[in-house]
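Have a look at the structure below, then the notes.
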Amino acid sequence: MRKTTFFVALFLLMSLPAAAVRSGNPTDKEMNRFISNLMMQMTLEEKVGQLCQMPDGYITGPDNSRVSLEPLISEGKIGSLLGVCGVEETRKFQDAAMKSRLKIPLIFGMDVIHGYRTGFPLPLAEAASFDLAAIEMSSRCAAREAAASGLHWTFAPMVDISWDARWGRVMEGAGEDPYYGAKVAAARVKGLQGDNLADTATILSCIKHFGGYGAPMAGKDYNSVDMSLSHFANFYMPPYKAGAEAGAGSFMSAFNDFNNVPCTANSFLLRDLLKNSWGFEGFVVSDWGSVGELINHRYAADTKDAALKAITAGLDMEMSTQCYADNLVDLVKEGKVPMRLVDDAVRRILEQKYRLGLFEDPYRYCNEAREREVVGSAQSREEARHVAERSIVLLKNNHNILPLSPEVKKVALVGALSKSKTDMCGSWTCADIEETVTLYDALTKRGLTVDYNDGYDMENNGISNLSQTLASARDADVVIVAMGERASYTGEMASRGEISISPEQQRLVSELVKTGKPVVVLLMCGRPVIFNEVRDAAPAILCTWWLGSEAGNAICNVLWGEYNPSGKLPMSFPTHGGQIPLNYQYKSTGRPTANGGWCTRYRDITTEPAYPFGYGLSYTTFGYSDPKVEPSATPGTYATVTVDVTNTGKRKGEEVVQLYVRDEVASITRPIKELKGFEKIALEPGETRTVKFPITDEQLGFYDNQLKYRVEKGDFTFMVGIDSQNLKSVPFTLK
Ligand code: GLC
């Protein structure tokens with residue numbers, strides 16, 4: 001009898017939740033039971049261990065003295081490592097975790113930002129494709145290769161909206177528009193996580209950097225961010241929210257303060273908005289050292305105060321600093337941190353480990369055969385080239401110099417960037433640099449005679465051997481100039497006050513144009529840059545960004561028309577640095593620029609961008625009918641905007657048809673236009689397609705200063721066209 005009673009009691013005890021079980025999802029019942037049972041066995045020290053993430057020699061911030069990790073892991077004092085990758089390395093550390101008392105597996109995270117060993121275009125470049133399927137493909141390939149290399153988690157997608165090209169991390173995001181940024185965020189989460197996190201070709205995503213990191217004052221990385229809640233909600237929040245709604249398993253808190261409270265200890269962001277209002281069930285990891293940096297912010301007095309403020313605000317896992325490791329046990333014992341806060345953080349982390357299948361098999365992602373087969377595969381290369389081709393933006397093509405004729409035999413190639421494997425991969429790359437195909441490689445592989453000259457010394461900012469370079473140009477069928485900035489000019493801690501391409505580099509292009517030979521400029525950059533002299537002088541310009549492992553092949557396929565460029569700019573390109581921050585969703589103000597005279601403008605420079613958001617040409621042309629507004633019988637859809645788009649040229653091409661909306665009168669000031677729809681379509685010469693845009697709350701609404709989403713009756717203007725400036729309008733009234 002006693003035995004039976006004991007087992008019944010044990011069963012009941014085992015099924016009790018150790019902490020409030022958050023996920024009511026019935027399929028999670030087994031997970032909840034497993035985790036509750038595990039947490040009942042964990043000591044406070046072991047729980048705190050799960051909240052600690054350490055690097056192993058992978059330094060992406062102020063260095064933390066490297067400690068021997070394996071003993072700490074075996075004592076259950078570390079729950080995650082960052083920067084450890086490869087089946088052999090991850091297995092080694094997982095072995096250490098299996099020596100711990102409860103054998104809780106480690107979760108391995110790393111910055112897999114745009115491809116893994118097969119490098120994909122910069123995220124900003126991929127955003128230029130306006131091809132969500134291609135963007136999802138890129139993330140899926142990155143996940144497939146990273147998971148095959150023992151990784152479980154990437155600190156991606158970075159979804160920070162930015163209007164400031166001085167900020168080096170614009171290369172990592174999807175540009176200036178929140179509507180588009182939200183679509184990209186969801187596509188990346190889907191590509192990375194798939195439908196099943198336990199699948200060995202998917203990894204946990206991480207929406208970063210929450211929040212508003214892309215709006216640092218003066219464009220200086222890490223600087224303060226201060227904005228009204230409605231400004232945050234309408235222009236910066238949508239991609240974060242979309243990432244959470246897409247099921248991202250983690251968020252990363254940003255370095256900056258947000259309205260005077262550091263994000264890493266900002267309970268409005270982490271608890272009120274993310275966890276309570278949006279119902280986010282994943283966990284929040286701090287950015288590198290940002291818990292400890294609460295002291296630098298002068299928001300915390302010491303590491304104990306920092307730990308107290310971060311855990312209270314909802315920061316679940318501490319990256320690289322050790323405030324939690326050194327203080328959380330004492331804070332709980334002293335009654336300053338309720339156990340339920342620690343339990344909630346632990347449960348959130350254990351749930352993601354469970355979903356990854358790590359409890360079932362801690363070595364699930366450690367398979368050498370799969371690593372050899374998947375990483376750097378032909379499939380990955382083909383996908384990288386596919387995405388790279390679609391990321392290229394045709395900015396200018398006078399006299400249809402492009403596409404180049406197959407008759408072209410001799411190319412004068414100018415510029416060191418055309419040979420640089422490192423630069424082709426861009427910042428935040430995991431790519432196998434040696435496997436990169438540069439423009440020079442691809443041109444020579446096509447059997448062309450390539451006469452190469454540096455033309456310009458990137459480091460000393462000077463033209464070199466001008467006469468030799470000009471002679472080469474005169475002797476060639478076409479001149480191809482790789483112009484731009486080093487890949488290292490963008491990325492983290494890479495803000496620049498001057499974003500113009502050096503005058504000397506631009507003068508070289510002008511001299512080449514004077515030879516009378518056809519000159520094609522390839523703009524290689526990680527941000528919008530200013531190059532007004534070249535913009536005027538060069539007959540043909542392609543923005544090729546940094547395109548990754550298949551860069552050279554993708555560029556050549558576009559140069560010779562095997563792929564007709566279809567990219568559109570995801571960020572406005574300034575005419576002058578004084579215009580920054582620059583965006584197309586500006587407000588009328590009480591003295592609109594368009595009125596002239598006493599209006600909002602500069603005395604000395606234009607207010608117009610060099611190239612507007614959404615701009616990009618094709619080797620063919622497209623015509624648009626006047627848009628129409630049709631009634632809709634679909635519940636929740638107020639109307640449908642329709643437009644007929646025709647390929648009016650002689651070559652098949654793709655067009656990104658864009659819908660912008662203006663709320664003519666509203667209860668807060670609203671932008672003169674906002675992107676609220678886009679569709680990328682392929683058309684044969686002469687073909688016409690009717691594109692339809694449903695008008696729902698998403699197209700008409702906005703957040704007010706109480707963060708309430710409002711759709712107000714009244715007049716609107718819908719605009720359709722090829723970019724944010726070339727548009728045809730049609731009025732609409734919401735009754
Ligand atoms: C860096 C970056 C962040 C990255 C993290 C780990 O400082 O801000 O985006 O994921 O540290 O490398």
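It should be emphasised that the depicted structure is a prediction, and the values quoted were computed from it without experimental measurement. Counting convention: from 1, in listed order, for ligands and their atoms alike.
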Can you tell me how far apart CD (Gln53) and CE (Met319) are? Round to the nearest 0.5 Å.
4.5 Å
With sequence neighbours excluded, residues passing side chain to side chain donor-acceptor pair (under 3.5 Å) with Gln50
Lys353
Does any donor atom in the side chain of Glu492 or Tyr222 lie under 3.5 Å from an acceptor atom in the other side chain?
yes
Between Tyr365 and Trp153, is the ring centroid distance below 6.0 Å?
no
Answer with yes or no after comparing the ring centroid distance for Trp288 and Phe255 against a 6.0 Å cut-off, counting only values under it.
no
Contact residues of ligand 1, where a non-hydrogen atom lies under 4.0 Å away
Tyr58, Thr60, Leu82, Asp111, Phe155, Arg169, Lys208, His209, Met252, Phe255, Asp287, Trp288, Met319, Trp428, Glu492
Measuring centre to centre across the rings, with the benzene-like ring taken for any Trp, is Phe120 within less than 6.0 Å of His114?
no
